[in-house]
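Residue numbers run from 1 in the order of the sequence given.
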Amino acid sequence: MPNGYDIVSQQKDSVTIKSFNIIGEEKDTITLLFSVNVLWEIEELNYGVKQQKDLFGFLFTASSISILMLILKLHKGEKF
């Protein structure tokens, strides 16, 4: 996923995340360490990464459909 993140592994006090550049190639692998007292942050991180994937999927689907509709409209000879 371009400009996104993916969770590689998760232990009880650390999370390893892969980041991607604009064309979807792997850019960095980041390991985040958390203390035992703030384990809720790991859950929030998981939720954020999952939500980002859903939002990017919606964004790319909506923009692809919009471009397709524009191309079909111009192909029919209608004005822009």
Path from V8 to I17 over hydrophobic side-chain contacts below 4.5 Å: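 In one cluster: no.
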
How is the hydrophobic cluster of [X] composed, in terms of its other members, when Ile, Leu, Val, Met, Phe, Trp and Tyr link through side-chain heavy atoms under 4.5 Å apart, directly or indirectly?
{"X": "F58", "result": "none"}
{"X": "M69", "result": "I65"}
{"X": "L68", "result": "L72"}

Candidate pair F20 and E25, rule side-chain contact (heavy atoms from CB on, under 4.5 Å), full reasoning: CA-CA 5 Å; F20 299 97; E25 294 177 344; over 6 Å; no

Sequence-distant partners of [X], side-chain contact (heavy atoms from CB on, under 4.5 Å), two or more places apart:
{"X": "I67", "answer": "I71"}
{"X": "S64", "answer": "none"}
{"X": "S19", "answer": "Y5, K27, D28"}

Pairs meeting criterion salt bridge (charged side-chain N to carboxylate O under 4.0 Å, His left out) with involvement of residues 9-18, two or more places apart: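 Every pair satisfying salt bridge (charged side-chain N to carboxylate O under 4.0 Å, His left out) with a residue in residues 9-18: there are none.
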
Test salt bridge (charged side-chain N to carboxylate O under 4.0 Å, His left out) applied to D6 - qualifying residues, sequence neighbours left out: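 By the salt bridge (charged side-chain N to carboxylate O under 4.0 Å, His left out) rule, D6 matches K53.
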
Residues which pass salt bridge (charged side-chain N to carboxylate O under 4.0 Å, His left out) with K50, listed by chain and number, not counting sequence neighbours: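 Only D54 meet the salt bridge (charged side-chain N to carboxylate O under 4.0 Å, His left out) criterion with K50.
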
Side chain to side chain donor-acceptor pair (under 3.5 Å) involving S66 - partner list, sequence neighbours excluded: none

Give every donor-acceptor pair under 3.5 Å between a side-chain atom in residues 42-49 and any protein atom, sequence neighbours left out.
residue, atom, partner, partner atom, Å
N46, ND2, Q10, OE1, 3.0
N46, ND2, I42, O, 3.4

